[in-house]
Amino acid sequence: MSKCKSSSRQRISDRFDSFVDKHVIWQNPLLQACSKNTLSIDDYGFVISQHFYYSRGFTRLLSALMMQCDNDYYRVELSHNLWEEAGEENQENCHSNLLRRMITNTFGLDNPDQTNFRDYTQQYFKDCLDYLKNSDLVRAAAFLGWGTEGVVPRIYSHLFNGLTSQGVPSDELLYLSLHMECDDEHSEVIEAIALDACNGDTESHWLAIEEAISHSLTLRDRYFTKLYEELQSKKINTLVQQITNECPSTDLMQPGGLHTRVDKSGGTPLYRSNEEDQEISFEVTRFKVASEVIDPRLLEIPVGKRNEKHKHAHESIFYVLSGEGVVYVEDKEIAVKSGDLAYVPRWYDHYSKNTGGNVLRILALTDYGLTRCFSKNTERSYRQQPDKVAL
Ligand SMILES: [Fe+2]
Ligand SMILES: [Fe+2]
């Protein structure tokens, strides 16, 4: 390949890499939960044992692409990928076996092949296989290259970092770390197949590639959301069982679990918006008592400022600790002062303004501990400047 062709190919490849970066999958609640370290070992066990269905079928996806590939050189390259999948000389180390062992050792699930694979797990794999079998070579290779293999290192690092944060030794996670290292090379081969099959730099081919990438990422995004929803509904079911079975669950020994001071030193910053020259300036501090549903926060608004207009799934009771202001709920204006209580129902636009001469301090008691169990209700989902959320 000439240098010129190689640099233009690099440019084209960069275009698709940045297309991948812009996809909504990177805001998926499951990946965010990994980053925020809010999943338990059992949660990871569920997610990864479901993923095993895809992993043990993966060679079928590669083979589906290989079947469509009329260039023998590329078929050799794909055979090499298959050879690596097969564990090379030692078939005991084929990738599906690495994952079998990881599921057994790390999560104590003895027979991964007997997992109750959910319908949506099986459907996700079937959708991938059907797409590869029924699309032209450009789309099939783009789907499997940028859309699947290319994102594996990034997706697996979410799982790897989440699990090591939970105290799992990294050498138990060979299946993940191996793919974080080698799947870039695999995706390069597959992406080259897509680009070669384009036969010239035509915009319609680029659009076909983007369409295939988008389809692949969207399928995975929906699949991850289903997994996340099931994890969350398990938490809600546990809560319901605790309530109905009169089962106390809060850990009384948890440090700070039963008592905290309502000031910044007693909590952790959740959100900060402090552009002094603007009308909007406020801080939110969250308190980590052991409550399961009630999530208390302190909202502080400087003199003359207000917080952003927003709405969310959780309902809030505002108790004014000090200062004076107005709480706006839809078209209602509620004048409040120290000692007052105001109610903000879920999903109503609201904001608060400091109209007094001192900082307005409001203790907001929310049921975020419940509403966060439903997918997409994250702190970032309802903030106008999500990058200012500290979590
Ligand atoms: Fe693999
Ligand atoms: Fe709010």
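Counting from 1, the numbers follow the sequence of the chain as shown. Every number for a ligand or one of its atoms is a count from 1 in the order of the listing. Here the structure is a predicted model, which is why all the values come from computation and not from measurement.
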Within a strict 4.5 Å, meaning less than it, do heavy atoms of the Val336 and Phe318 side chains meet?
-> no
When every non-hydrogen atom of Val47 is compared with those of Leu159, the smallest separation belongs to CG1-CD2, 4.5 Å
Distance-only polar pair, side chains of Tyr120 and Gln50, donor-acceptor under 3.5 Å = no
Residue His179 atom name (nearest to the Fe ion (ligand 1); N/O/S) | NE2
Take Glu172 and Met102, measure what side-chain contact (heavy atoms from CB on, under 4.5 Å) needs, and give me the verdict at the end.
-> CA-CA 6 Å; Glu172 271 188 28; Met102 181 179 127; 5.8 Å; no
So does Arg75 pair up with Asp70, basic N to acidic O under 4.0 Å?
-> no
Excluding waters, which are neither shown nor counted, protein N/O/S atoms under 2.8 Å from the Fe ion (ligand 2) come to 3
Do Tyr223 and Tyr54 have ring centres separated by under 6.0 Å?
-> no
Minimum-distance atom from the Fe ion (ligand 1) among N, O or S atoms of His95 = ND1
Is the gap between the ring centers of Phe282 and Tyr271 under 6.0 Å?
-> yes
Of all N, O or S atoms in Glu85, which has the smallest distance to the Fe ion (ligand 1)?
-> OE2
